[in-house]
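Fair warning: this is a prediction, and the values are worked out from it, not measured in the lab.
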Amino acid sequence: MNNPNLVSLGSINEDGSRKFIHPSDTRGPFTLGRRVAGAALLVVYAALPWIPLGGHPAVFLDVAHRRFHFMGLTFATQELWVGFFLITGVAFSLFYVTALFGRLWCGWACPYTVFLEHVYRRVERLIDGDAPARKRLASAPWSPSKISKRALKHAIYIAVSALIAHVFLSYFVSLAGLYDMMSGPPREHLTAFGVVLFLTGALYFSFSWFREQFCIILCPYGRLQSALTDDNTINVGYDKKRGEPRGKVGTEGAGSCIGCNRCVQVCPTGIDIRNGLQLECVGCAACIDACDDIMTKVNRPKGLIRYDSLNGLEGGATKFIRPRTIFYTILLIAGMAAFAISTRFIQPFQARAVRMVGPSFYLADGMLRNQFNLRLINPGDDTTSFHVALEIEGLPPSITLAENLDEVAVGPLGEEVRPIILAQPVAEYKPGVLIRLRVTDKRSGKSTLTERMTFQGPDPRLMIIK
């Protein structure tokens with residue numbers, strides 16, 4: 001039996017050694033809800049590489065070709081700044097949820113929790129039995145039965161870890177690329193093989209041995225909750241006014257808590273929620289279902305442990321609209337708006353023009369020439385033809401393209417660099433003329449303009465025109 005307190009971790013023995021936690025299983029509406037949510041998230045994780053959107057998987061981070069596909073949007077390397085707004089939007093969303101509902105993300109949607117609780121611990125319960133059986137097996141001497149159970153369990157752990165690692169790799173190489181790599185010998189794809197091997201080992205170590213220590217020791221989110229929450233934040237809490245003093249059923253003057261420690265037995269991080277909100281609590285609500293079940297059996301009202309704010313547990317009112325939530329709402333809306341607006345700047349292709357290295361202009365046979373390199377990037381899967389035209393700001397002087405660029409073909413996921421020569425009779429040169437190139441996709445009709453460039457030439461005061 002764990003005897004957790006506020007002085008030391010519930011997963012640490014008095015001598016400082018690791019105390020392996022074997023949480024009991026429980027039933028109830030929150031447990032059922034978490035399992036449904038976990039199953040849905042596992043399906044989403046496995047299905048995203050299969051779902052086609054815009055001709056690509058829903059999430060495909062194609063590092064090899066420097067193209068990143070996300071929910072129908074395609075980003076070139078130069079457009080990764082858009083991802084900043086996506087990441088900040090997700091961060092603000094997490095702040096918003098935390099301010100309102102505490103560590104709801106940790107207990108219900110965190111990938112680590114989903115894999116640990118809904119995959120690995122389900123396998124463990126299936127093979128080793130319930131919590132008392134697992135404890136007996138852990139303390140029992142090695143025997144053929146124990147060895148066979150341990151071998152089977154860890155073999156499944158390794159297989160599941162490898163499966164998760166392969167799905168993760170498919171986000172970067174696509175399912176077709178993953179299948180090709182798996183069909184060939186590892187020496188032909190050493191980097192991918194090494195990534196899968198490393199991820200498999202890391203996942204196996206984390207979920208077979210490290211487990212809840214990641215949430216307690218490594219995860220920074222639990223340490224941020226004190227800065228993101230206040231007395232009106234909804235957390236898992238124990239109603240001390242109703243529960244104390246503890247006593248068995250029928251004890252005169254005792255509160256509703258009968259001291260059964262069922263809430264401790266089901267806790268995946270080994271804490272006693274009756275000691276108050278603690279860093280180790282991931283808000284999974286297992287203790288709520290366990291306590292409600294006991295209250296039902298002893299004919300007492302449910303809700304001794306419940307989702308509530310500190311103010312609510314003290315008998316006060318919970319305020320959802322307060323300066324903190326208003327501020328986080330503004331940040332959330334601002335992040336979402338910034339991402340939505342930034343996606344409008346994503347072009348179906350990229351066109352960049354830079355002046356060639358060397359002299360800024362050339363003068364020969366009465367003609368003044370400026371030379372540029374035009375770089376065209378086609379992020380699509382089909383060959384695209386582009387039309388390049390010259391646009392001059394202000395009164396259009398006689399600057400022309402030295403060659404016709406009506407049909408510039410760029411292959412799928414390809415780049416093309418073309419030299420661009422602009423020419424003008426030197427007698428008609430005027431300094432300060434701004435020019436741009438308009439590049440049009442002939443298939444879609446969409447066009448974009450390159451950056452403004454100055455058509456350069458000699459100082460007119462030094463020119464001698466014959």
Side-chain angles (χ1 to χ4, degrees), residues 65-68 73-82 341-466:
H65 297 97
R66 299 189 299 279
R67 302 290 186 272
F68 307 94
L73 299 173
T74 298
F75 303 88
T77 306
Q78 298 86 349
E79 295 167 335
L80 284 182
W81 59 272
V82 177
I341 293 172
S342 64
T343 57
R344 297 177 62 87
F345 292 91
I346 300 176
Q347 298 292 335
F349 59 90
Q350 295 286 325
R352 297 285 185 269
V354 294
R355 192 178 297 274
M356 287 188 182
V357 177
S360 58
F361 64 89
Y362 294 88
L363 182 60
D365 300 327
M367 296 296 293
L368 186 62
R369 293 181 174 83
N370 283 204
Q371 300 182 153
F372 301 86
N373 277 326
L374 176 64
R375 184 186 182 201
L376 299 173
I377 301 175
N378 173 24
D381 296 320
D382 301 312
T383 299
T384 302
S385 296
F386 296 97
H387 170 72
V388 182
L390 177 66
E391 291 194 1
I392 304 171
E393 297 188 6
L395 295 176
S398 53
I399 302 175
T400 58
L401 282 168
E403 65 173 312
N404 180 23
L405 295 175
D406 184 62
E407 191 87 16
V408 181
V410 182
L413 300 175
E415 299 181 10
E416 184 76 17
V417 178
R418 285 293 186 92
I420 302 293
I421 300 176
L422 305 180
Q424 180 188 31
V426 67
E428 301 180 21
Y429 169 70
K430 294 181 180 179
V433 175
L434 296 176
I435 56 177
R436 292 195 292 186
L437 298 174
R438 177 174 291 279
V439 181
T440 304
D441 183 346
K442 300 187 70 175
R443 181 178 55 184
S444 65
K446 295 182 179 180
S447 63
T448 186
L449 288 168
T450 62
E451 300 86 349
R452 288 183 175 88
M453 303 171 291
T454 303
F455 189 85
Q456 298 186 3
D459 190 333
R461 295 171 299 180
L462 303 179
M463 289 173 35
I464 300 176
I465 309 295
K466 295 184 178 180

To the nearest 0.5 angstrom, please state how far the [atom1] atom of [X] sits from the [atom2] atom of [Y].
X      : Y      : atom1 : atom2 : result
Leu390 : Ile399 : CG    : CD1   : 7.0 Å
Leu437 : Phe372 : CG    : CZ    : 8.0 Å
Met453 : Leu434 : CE    : CG    : 10.0 Å
Ile377 : Glu416 : CD1   : CD    : 12.0 Å
Arg375 : Thr450 : CZ    : OG1   : 14.0 Å
Gln371 : Phe361 : CD    : CZ    : 12.5 Å

For [X] and [Y], which heavy atoms make the closest approach, and how far apart are they?
X      : Y      : result
Glu415 : Val410 : N-CG1, 4.0 Å
Gly445 : Thr440 : O-CG2, 3.9 Å
Ser342 : Val82  : OG-CG1, 3.3 Å
Ala351 : Leu376 : CB-CD2, 3.8 Å
Leu368 : Pro458 : CD1-CD, 3.8 Å
Thr383 : Pro412 : OG1-CD, 3.4 Å

* Hey, does the side chain of Asp441 reach the backbone of Lys446 with a donor-acceptor pair shorter than 3.5 angstrom? ->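 Between the backbone of Lys446 and the side chain of Asp441 there is no qualifying donor-acceptor contact (under 3.5 Å).
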* Asked: Does the pair Phe455 and Tyr429 meet the rule for a side chain to side chain contact (heavy atoms under 4.5 Å, CB included), with working shown?
  -> CA-CA 9 Å; Phe455 189 85; Tyr429 169 70; 4.0 Å; yes
* Evaluate side chain to side chain contact (heavy atoms under 4.5 Å, CB included) for Lys442 paired with Asp406, printing each intermediate quantity in order. => CA-CA 9 Å; Lys442 300 187 70 175; Asp406 184 62; 3.4 Å; yes
* Asked: Do Ser447 and Val439 have side chains that get closer than 4.5 Å, going by heavy atoms?
  ->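 Side chain of Ser447 against side chain of Val439, heavy atoms only: no contact under 4.5 Å found.
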* Worked verdict on Leu401 versus Leu422 for side chain to side chain contact (heavy atoms under 4.5 Å, CB included) -> CA-CA 5 Å; Leu401 282 168; Leu422 305 180; 3.3 Å; yes
* Asked: So, Gln350 and Arg352: side-chain donor and acceptor under 3.5 Å apart, yes or no?
  ->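 Side chains of Gln350 and Arg352: pair found under 3.5 Å.
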* Take Asn370 and Gln456 through the test side chain to side chain contact (heavy atoms under 4.5 Å, CB included) and record every step on the way to the result. => CA-CA 7 Å; Asn370 283 204; Gln456 298 186 3; 3.9 Å; yes
